Amino acid sequence: MAKTFLKPGEVSSRKSFPEPNSSRLLGIGENAYDYESTIAASLLTRNTSLPIHNYKEALLYAVKEYRTVVVVGETGSGKTTQIPIYLLKAGWTNGGKAIVCTQPRRIATTTVAARVAEDLDGSKGTLGQVVGFAVRFDNCWDSERTKILYATDGALLRMMLTDPLLLKFQVVMLDEVHERTIATDILCGLLKKIQRLRSDLRVIVSSATVDAEKFRDFFETNDSEDSSYNTAVILSVEGRSFPVDIYYTTYPVQDYIQAAYETTLEIHKKEQDGDILIFVPSSEQVDRLVERFQSNELQICNLRKDRKSLYCVPLYSGLPYKEQLAAFQPAPVNERKVVVSTNIAETSVTIQGIDFVIDTGFCRIRVYSPETGMDFLCIQSISRASADQRAGRAGRNRPGKCYRLYTEDSYWNLLVEHSIPEMCRTNLATAILQLKAIGVENVMNFPFVDAPSAKSVATAFEVLYAIDAVTEDGVLSEFPGMVMADLPMEPFFARTLIAAKDFECIREIITIIAMLQVEQVHGDSVFKYSSSREHKSFESARKPFCVAEGDLLTLINIYDAFEASGHSMRWCGHHGIVPNLMKKARLLRRSIALSLSNVMYGLYGASALSHADELLSQKNPDPSSIIKAILKGFFMNSAVVQPDGSYLTLVGKKSVTIHPSSVLANRLPKYIAYCESIHLKRTYVRNITVIEPQWLIQVAPHVFEKRKSRIEEKWKNLISE
DNA sequence: GAGCACTGC
């Protein structure tokens with residue numbers, strides 16, 4: 001197959017394509033801005049200025065003639081909003097079918113849907129009718145009326161549990177495929193399989209230029225030499241970003257924090273107006289650099305004759321929401337804003353007004369080790385694709401500059417072309433459970449875009465077997481396996497939730513899952529104090545709720561106290577608790593209860609609602625019942641204390657340490673179980689509960705009974721040491 | 001006394 005690189009507007013076609021218009025017009029960015037609405041221009045102006053308009057005929061032709069169309073182009077082309085509209089107007093939804101367009105993130109899914117609804121009907125009020133969205137626990141669409149559905153990739157995957165051939169849809173568009181999220185990757189494989197059975201289905205994948213051919217070849221089914229039988233084609237659309245000048249260092253830098261600081265001062269001294277965005281790998285380094293700027297503010301404004309000042313704001317996901325907002329506020333007149341950010345600003349959010357990017361060339365990523373079953377967080381060099389994405393952040397409004405704190409030689413020879421896809425660096429238990437539930441019998445034969453290692457697939461099966469999701473032969477069990485796949489949460493929590501029925505503590509387990517979801521972001525808790533930066537305030541705010549059993553029951557206490565206060569804002573304020581997060585937990589509890597009513601009790605509509613309320617009514621179970629239900633999902637994460645205050649996991653014999661934010665950090669109970677572990681300098685465990693060793697044998701005899709005597713012997717030795 | 005990148009169901 002020819003591997004020529006196409007210019008914008010070119011299609012590798014068997015027939016001639018309509019010529020695109022040559023004009024290149026400018027307008028508002030395509031990516032929905034997350035923190036406030038920035039729809040400024042009139043819709044008419046915006047739409048006619050989108051580059052994608054020049055390719056409308058070419059696109060419709062390609063979709064008609066080919067089963068798969070790979071649309072390549074930078075952000076800002078308008079493809080996300082316009083392609084579904086073109087297809088709708090061209091009649092692709094006739095016959096009661098719809099178009100679905102996936103996004104990797106919830107916020108983009110809902111905001112894009114709102115914009116397209118407004119585009120079509122002139123009013124956002126129609127969202128949920130012709131145009132709708134589907135994200136977990138929030139469905140805003142109508143299976144009869146909705147013609148364009150925006151969904152998160154994970155939500156579409158979940159729909160395949162009930163509609164494995166996606167018969168509702170005539171066209172499936174996977175957007176941002178180059179991000180290689182695990183859900184998008186799995187959808188690619190599943191769609192390739194569906195295409196064998198449904199010749200009418202059209203697939204559009206939208207990707208960054210660099211890997212378009214990979215996806216075209218992945219979907220191409222023509223084995224013959226005759227390209228007129230090709231089933232997949234690339235359509236290339238230009239973006240609307242501005243040129244960005246790239247600068248490299250002459251020599252490798254020793255200290256990139258120092259280099260970033262100095263480069264910022266140079267820019268401030270010599271360059272015209274425009275804000276600066278600095279990418280560093282970790283939140284810790286963000287804080288360090290911000291502090292450095294803040295303590296030198298006076299000297300910095302003396303750098304310029306006009307004494308223009310410079311102020312610096314941090315940005316990372318763990319930062320309290322209100323503090324994040326400062327990064328998005330436009331800079332005051334005669335001040336220059338410097339945003340120091342982690343990877344969050346690379347794709348997840350867009351900051352307007354950035355003209356200069358400083359790229360350290362590093363990021364922190366999570367890597368799963370199937371050998372140890374542990375997650376590692378390590379700092380790595382970014383990929384060239386990432387570096388280009390970061391640079392592009394400077395060219396959204398006008399031409400910009402990007403300063404790379406590494407040499408050009410490093411860029412070409414040290415950085416890899418693409419980052420490792422999520423599929424190949426995460427625990428696959430959830431993904432494989434889903435594939436099994438959708439009906440993929442032989443996971444090793446699945447058409448992966450990039451296949452994960454056999455070892456990580458094997459480990460995932462072991463994990464699924466341990467929590468009863470699959471049999472010894474790797475076959476999905478009707479119960480609890482299928483039920484776990486149906487529940488919209490990680491399989492370990494699903495297992496716990498199912499067990500909660502037998503232990504009569506559904507209400508409590510739902511509360512724990514909801515609270516953990518809200519607390520998921522590190523450093524972020526329901527308390528307004530950061531557990532790391534304001535540790536003292538954090539601890540004293542949490543103290544009234546703490547119990548000796550550990551973090552999980554402490555979370556129940558916090559939630560129950562919030563309920564008892566009548567969801568009072570004043571109560572939250574008095575206890576240093578963020579009301580919005582508690583509100584979120586409250587909504588999540590109801591959503592989880594509703595899912596459980598649907599999935600486990602087969603209830604829908606009004607009866608599901610009243611059943612959900614019933615599940616959430618007070619039962620006051622024994623604390624040990626709650627912990628046993630937790631153990632049913634997390635017994636693999638049990639550990640015994642060591643003389644030095646660390647712990648040894650009972651399965652796998654790994655050394656772990658209680659994370660300083662845990663209520664058990666200084667108490668060192670003999671036996672614990674934890675919900676989460678992460679390896680930094682040491683392996684930290686979080687969300688911990690105290691357990692009795694005999695409970696392990698009770699909840700997981702298949703793992704602990706056989707080894708009971710041996711393990712007990714070992715424990716005796718460990719404790720007597 | 002030491003600390004988690006970013007998503008999603």
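In what follows, chains are A, B, ... by sequence order, proteins preceding strands, each numbered from 1. These figures come from a predicted structure and were not determined experimentally.
Residue A:R366 places none of its side-chain N or O atoms closer than 4.0 Å to OP1 or OP2 of B:dT7. For the OP1/OP2 pair of B:dG8 and a distance below 4.0 Å, the side-chain nitrogens and oxygens of A:T430 include no atom meeting the criterion. Note on A:T152: a side-chain N or O is less than 4.0 Å away from OP1 or OP2 of B:dC9. Using a 4.0 Å cut-off, no side-chain N or O of A:Y684 falls inside it from OP1 or OP2 of B:dC4.
Checked by distance alone, A:E179 brings no side-chain donor or acceptor within 3.5 Å of a matching partner on the base of B:dC6.
Atom CG in A:L187 sits about 15 Å away from atom P in B:dG8, given to the nearest Å. As a whole-Å value, the separation of A:E534 CD from B:dG3 P is 18 Å. Taking atom CD1 on A:I107 and atom C1' on B:dC6, their separation rounds to 14 Å, with Å as the unit. Going from atom CG of A:D287 over to atom P of B:dG3 covers 14 Å, rounded to whole Å. Rounding to whole angstrom units, CD of residue A:Q517 and P of B:dC6 are separated by 16 Å. One can place OH of A:Y368 at 19 Å from C1' of B:dC6, the figure rounded to the nearest angstrom. Between A:L156 atom CG and B:dG8 atom P the separation is 15 Å, expressed in whole Å. To the nearest angstrom, P of B:dC9 lies 24 Å from CZ of A:R495.
Distances were taken from every side-chain heavy atom of A:Y316 (C-beta onward) to each of B:dG3, B:dC6, B:dG8; the shortest belongs to B:dC6. Each of B:dG1, B:dC6, B:dC9 was ranked by its minimum atom distance to the side chain of A:P660; first place goes to B:dG1. Candidate nucleotides B:dC6, B:dG1, B:dC9 were compared by shortest atom distance to the side chain of A:H535, and B:dG1 ranks first. In this structure, of B:dC4, B:dC9, B:dT7, it is B:dC9 that holds the atom nearest to the side chain of A:R106. Residue A:R686 places its side chain closer to B:dC4 than to any other of B:dC9, B:dC4, B:dT7. Listed nucleotides: B:dC9, B:dC4, B:dA2. Nearest to the side chain of A:R682: B:dA2. Distances from the side chain of A:R105 to the nucleotides B:dT7, B:dC4, B:dC9 place B:dT7 closest.
Residue A:Q285 is out of contact with every strand shown, counting any heavy-atom pair closer than 4.0 Å. Residue contacts for A:L487: at a heavy-atom cut-off of 4.0 Å it reaches no nucleic acid atom on any strand shown. Counting any heavy atom pair closer than 4.0 Å across all strands shown, A:A183 reaches no nucleic acid atom. At the heavy-atom level, A:E490 lies under 4.0 Å from base atoms of the strands shown.
Nearer the 5' end of DNA chain B, as judged by each residue's closest nucleotide, is the contact made by A:N343, out of A:M489 and A:N343. Between A:S677 and A:K536, it is A:K536 whose nearest contact on DNA chain B lies nearer the 5' terminus.
Put simply, the side chain of A:M374 reaches to within 4.5 Å of the side chain of A:V656, judged on heavy atoms.
Taking the charged nitrogens against the carboxylate oxygens, A:D450 and A:R180 do have a contact shorter than 4.0 Å, which makes a salt bridge. Using a 4.0 Å cut-off between charged nitrogen and carboxylate oxygen, A:R495 and A:D468 count as a salt-bridge pair.
Close placement of the A:Y256 and A:F362 rings is indicated, their centers lying within 6.0 Å of each other.
The aromatic rings of A:F634 and A:F492 sit tilted relative to each other, their planes meeting at an angle between 30° and 60°.
Cation-pi check for A:R425 over A:Y368 is not met; the charged atom does not lie both under 6.0 angstrom from the ring centroid and within 45 degrees of its normal.
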